[in-house]
Amino acid sequence: MKPLFAALDELGLLEYGSHIPGRTVREVLGLEMPEYGSKRDFDAVALAELSAIDAVREALLNLGKYISGSGDGYRILTPGENSAQIDRYLSNAQNKIRRARKLERTSPAVVSGAPSQRGARIMLTDTSLRRGQSNQNQEATQ
């Protein structure tokens, strides 16, 4: 999906705060939203667009930028807005750790000869996340 990234870059749409119309993305990708069609037809176009945007999102993360959905398009978050996105990532990770801990604790033990290390992995991941969030909070207050 580099052609989309390159095209958006050429158009100057990858700067902080830029709005990228969905129509522009679909034009670059050669996608056309059907006027009429089945749900499958609409979903196919949406999936192709989202797949391309996800590739752009990954490339932008390496540049300290994040692309977010905005109405019928996308927007590159400002550096200040990136902080809220980081918090959402951490919150989602912590929720998944909480669910993993609950499932691990309530699952029946599987007798395979060797003890499971999942509980320890969950604890280490949770500790690491908490340290990262603590470090981020300390940096924000400095």
Side-chain angles (χ1 to χ4, degrees), residues 1-110 112 114-142:
M1 300 305 154
K2 288 186 189 249
L4 178 59
F5 185 90
L8 294 176
D9 195 26
E10 283 179 25
L11 293 170
L13 295 175
L14 296 180
E15 299 305 316
Y16 290 110
S18 294
H19 176 74
I20 304 164
R23 180 183 71 253
T24 301
V25 171
R26 289 185 291 278
E27 285 174 8
V28 168
L29 295 172
L31 299 172
E32 189 172 323
M33 192 60 78
E35 190 172 333
Y36 302 100
S38 67
K39 181 177 180 330
R40 175 178 273 168
D41 296 336
F42 288 96
D43 287 350
V45 172
L47 184 60
E49 180 178 335
L50 289 175
S51 176
I53 287 296
D54 193 49
V56 169
R57 179 174 291 120
E58 285 300 317
L60 287 172
L61 285 174
N62 292 326
L63 302 173
K65 297 178 181 180
Y66 186 84
I67 187 170
S68 177
S70 176
D72 181 35
Y74 305 90
R75 197 165 87 60
I76 308 296
L77 299 184
T78 63
E81 292 169 320
N82 279 350
S83 179
Q85 182 59 41
I86 292 166
D87 290 341
R88 281 191 289 277
Y89 275 150
L90 285 170
S91 176
N92 289 339
Q94 287 171 335
N95 287 336
K96 288 182 181 189
I97 290 293
R98 182 181 49 77
R99 288 181 188 144
R101 183 181 295 122
K102 180 185 271 185
L103 183 59
E104 199 273 334
R105 187 177 61 241
T106 59
S107 289
V110 177
S112 63
S116 170
Q117 296 298 314
R118 277 193 211 99
R121 286 179 49 210
I122 291 169
M123 185 180 72
L124 288 172
T125 303
D126 188 32
T127 301
S128 177
L129 278 172
R130 290 180 193 277
R131 277 194 193 128
Q133 192 170 24
S134 175
N135 290 343
Q136 180 190 2
N137 291 340
Q138 287 176 355
E139 290 171 5
T141 59
Q142 291 177 357

The reported gap from OG in S83 to CZ in R88 (rounded to nearest 0.5 angstrom) is 9.5 Å
Correct closest heavy-atom pair for S18 and G12 would be OG-O, 3.8 Å
Between side-chain atoms of residues 58-65 and protein atoms elsewhere (two or more places apart, or another chain), which donor-acceptor pairs fall under 3.5 Å?
unit_1: K65; atom_1: NZ; unit_2: L14; atom_2: O; d: 2.8

Could you tell me whether the side chains of T78 and E81 share a donor-acceptor contact shorter than 3.5 Å?
yes
Rounded to the nearest 0.5 Å, the CG atom of N95 sits from the CG atom of L90 at a distance of 11.0 Å
Answer yes or no: is there a side-chain heavy-atom contact under 4.5 Å between V25 and L31?
no
CG (L29) and OG1 (T24) are apart, to the nearest 0.5 Å, by 10.5 Å
**T127 side chain vs M123 backbone, donor-acceptor pair below 3.5 Å** = yes
Closest non-hydrogen atoms of R75 and G17, given as atom of the first, atom of the second and distance, are NH1-CA, 3.6 Å
Salt bridge (charged side-chain N to carboxylate O under 4.0 Å, His left out) filter on R57, not counting sequence neighbours, yields D54
All heavy atoms of V28 vs all of A7, minimum pair found to be CG1-CB, 3.6 Å
Any side-chain heavy-atom pair of K102 and R99 under 4.5 Å = no
What pairs of donor and acceptor atoms, side-chain ones from residues 36-49 against any protein atom, are under 3.5 angstrom apart with sequence neighbours left out?
unit_1: S38; atom_1: OG; unit_2: R40; atom_2: N; d: 3.4
unit_1: S38; atom_1: OG; unit_2: D41; atom_2: N; d: 3.3
unit_1: S38; atom_1: OG; unit_2: D41; atom_2: OD2; d: 3.4
unit_1: K39; atom_1: NZ; unit_2: D43; atom_2: OD2; d: 2.7
unit_1: D41; atom_1: OD2; unit_2: S38; atom_2: N; d: 3.0
unit_1: E49; atom_1: OE1; unit_2: R26; atom_2: NH1; d: 2.9
unit_1: E49; atom_1: OE2; unit_2: Y74; atom_2: OH; d: 2.6

Here the gap from Q85 atom CD to I67 atom CD1, rounded to the nearest 0.5 Å, amounts to 12.0 Å
Carefully, step by step, assess Y66 and I86 under the rule side-chain contact (heavy atoms from CB on, under 4.5 Å). CA-CA 10 Å; Y66 186 84; I86 292 166; over 6 Å; no
Inset, instruction - Under the side-chain contact (heavy atoms from CB on, under 4.5 Å) rule, what do I76 and I20 come out as? Steps first, then yes or no, please. - result: CA-CA 8 Å; I76 308 296; I20 304 164; 4.1 Å; yes
Value for CD1 (I122) from CZ (R105), rounded to nearest 0.5 Å, stands at 9.5 Å
